Amino acid sequence: MRNNIIDLSRAVPPIFPALESSLAESIATRLSRRDAVGILRTNRPRGTEEDRRTGAQWISQRLAFTPNIDRLVVTNGTLNVLFLLLNQLVGRSGTLLAEEMTYPNLQALSGMLGFNIRGIPMDSDGLDPNAFEDLCRKISTPKVLYTIPTVQNPTAVVMPLERRVEIAKIARRYNVLIIEDDAQALMVDNPCAPIATLAPELTWYVMGLAKTVVMGMRVAFLMAPRPEDASSLMDRFGKMSMWFVAALQAELAQAFVANRVAHEATIHIRKVAASRRKIVADILDRPHLAEGPLGLHVWVPTQRDARELATEALAAGVLVRPGIQFAAQPKLTEAMQGLRVSYCETRSEDDLRRGVEILANILSR
Ligand SMILES: Cc1ncc(COP(=O)(O)O)c(C=O)c1O
């Protein structure tokens, strides 16, 4: 709660108490075992071998294999990866394809890097393959798709396997490169195969630690299609964008993966999220919300204009995000009539309950 506002707008994970309590010890143990000053004096472009081994190990939870570390780049978060990749793969005046509602920072990146975004309509299984193919036919090279197939932002949809296979086939047919953002994938029980395993030669796969370990952890692991892609990523803009991952953050990521605090944090986050999502589903009287795959947010379609509803909610002290805030292109579509409700930011379940009750009241008017 900030200034008496109940914040249901930020899809951030709860803090795992054992992570907080082991923070000092984890980093101290790490630094005492090595030359601490050396760590701070050494460049680590793409990450040290150990950073990349940590990344390969962490993402192997999703891939069902451990990738060669030559394919890995360790960065200061997913946003950092997107800056590098969109610069390299799309570039000025290029066109990026993305779900019609998507990670809002893409808009900022498109303004800064000068590329266009074309939104692809979605249905209840995620991005529509026919619409995707249609755009692939129309748009000239280079073609890049950015997608969040697992716990999509903001719809929380988890794309089924058949749809992933279909998207991979179309991408192959039109030679479309894919950036797969798996930010919340570890929230989901047995999520189906990442697109990166269905079209490995085309896909750049990224998993950050912000959603499933701790928000302030500015570390993301990127797996490139081939080792030479991973090294060429840093050639043009690597230095300007980050040069290399912040040493202490990378060391901490190594420590938390090695001592399994990161794994336990994910388990804790899932437990809290499950209990909180049930509160949301019960109060909004939408049992299906509690049944679907887990994530840090749900999507609530609305009958009335979602922007007005969000404004009314704010006046009543509750912050939620209407669909238009996620628009890939500045154009309101039917799909955007909905609210993204995140439920792990409030300090207590009571605050959450109070906020969702206010929201339920507004939605029922
Ligand atoms: C889809 C998606 N990817 C990535 C991120 C953030 O990634 P990072 O904190 O690793 O930059 C967010 C944060 O909201 C997100 O919604």
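Residue indices begin at 1 and follow the sequence shown. It should be emphasised that the depicted structure is a prediction, and the values quoted were computed from it without experimental measurement.
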J.: Ignoring hydrogens and angles, tell me if any N or O in the side chain of Gln184 forms a donor-acceptor pair with the backbone of Ile148 under 3.5 Å.
T.: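 The answer is no, because no donor-acceptor pair under 3.5 Å joins these two groups.
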J.: Heavy-atom distance under 4.5 Å between the side chains of Val157 and Asp125, does that happen here?
T.: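 Val157 does not reach Asp125 side chain to side chain.
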J.: What about Val206 and Leu89, same hydrophobic cluster or not, with Ile/Leu/Val/Met/Phe/Trp/Tyr joined at side-chain heavy-atom distances under 4.5 Å?
T.: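 Shared cluster, yes.
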J.: Taking side chain as C-beta onward, heavy atoms only, is Val176 less than 4.5 Å from Phe132?
T.: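 Yes, their side chains come closer than 4.5 Å.
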J.: Are any of the side-chain heavy atoms of Arg340 and Phe326 separated by less than 4.5 Å?
T.: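 Answer yes - side chains close enough.
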J.: Please examine the side chains of Thr147 and Thr102, heavy atoms only from C-beta on, and report whether any two atoms are closer than 4.5 Å.
T.: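 Sidechains of Thr147 and Thr102: no contact.
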J.: Does any non-hydrogen side-chain atom of Thr150 lie less than 4.5 Å from one of Met159?
T.: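 Side chain of Met159 against side chain of Thr150, heavy atoms only: no contact under 4.5 Å found.
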J.: Do you know the tightest heavy-atom contact between Pro322 and Ala310?
T.: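 For Pro322 versus Ala310, the nearest heavy atoms are CD-CB, 3.8 Å.
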J.: What is the minimum heavy-atom distance between Tyr205 and Pro194, and which atoms define it?
T.: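 Smallest interatomic distance, heavy atoms only, reads CE1-CB, 3.8 Å.
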J.: Hey, are the side chains of Leu109 and Leu79 touching, using non-hydrogen atoms and a 4.5 Å cut-off?
T.: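 Yes, at least one pair of side-chain atoms sits under 4.5 Å.
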J.: Under a 4.5 Å cut-off applied to non-hydrogen side-chain atoms, are Arg286 and Val300 in contact?
T.: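 Yes; the side chains approach each other to less than 4.5 Å.
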J.: What about Leu84 and Met112, same hydrophobic cluster or not, with Ile/Leu/Val/Met/Phe/Trp/Tyr joined at side-chain heavy-atom distances under 4.5 Å?
T.: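 Looking at the clustering, Met112 is in the same group as Leu84.
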J.: If hydrophobic clusters are built by linking Ile, Leu, Val, Met, Phe, Trp and Tyr wherever their side-chain heavy atoms come under 4.5 Å apart, do Val73 and Tyr146 end up in the same one?
T.: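 Yes, same cluster.
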J.: If you compare all heavy atoms of Arg276 against all heavy atoms of Glu345, which two are closest, and at what distance to 0.1 Å?
T.: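 So the two residues come closest at NH1-N, 4.3 Å.
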J.: Taking the side chain as every heavy atom from C-beta outward, state whether Leu8 and His297 have any atom pair closer than 4.5 Å.
T.: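 Not in contact.
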J.: Is there a chain of hydrophobic side chains (I, L, V, M, F, W, Y, each step under 4.5 Å between heavy atoms) that links Trp299 to Val318?
T.: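 Each belongs to a different hydrophobic cluster.
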J.: Minimum heavy-atom separation for Asp181 and Thr78, please, with both atom names.
T.: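 Scanning both residues, the minimum pair turns out to be OD2-CG2, 3.6 Å.
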J.: What closest approach, in Å, do Gln337 and Arg304 show between heavy atoms, and which atom pair accounts for it?
T.: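 It is OE1-O, 3.6 Å.
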J.: Judged by atom type as modelled, is there a donor-acceptor pair below 3.5 Å linking the side chain of Ser60 to the main-chain atoms of Leu63?
T.: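 Between the backbone of Leu63 and the side chain of Ser60 there is no qualifying donor-acceptor contact (under 3.5 Å).
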J.: Could you tell me the separation between the CG atom of Leu145 and the SG atom of Cys136, rounded to the nearest 0.5 Å?
T.: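 Atom-to-atom, Leu145:CG and Cys136:SG are 7.5 Å apart.
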J.: Determine whether Val144 and Leu97 satisfy the following criterion, side-chain contact (heavy atoms from CB on, under 4.5 Å), listing intermediate values before the conclusion.
T.: CA-CA 6 Å; Val144 184; Leu97 306 179; over 6 Å; no
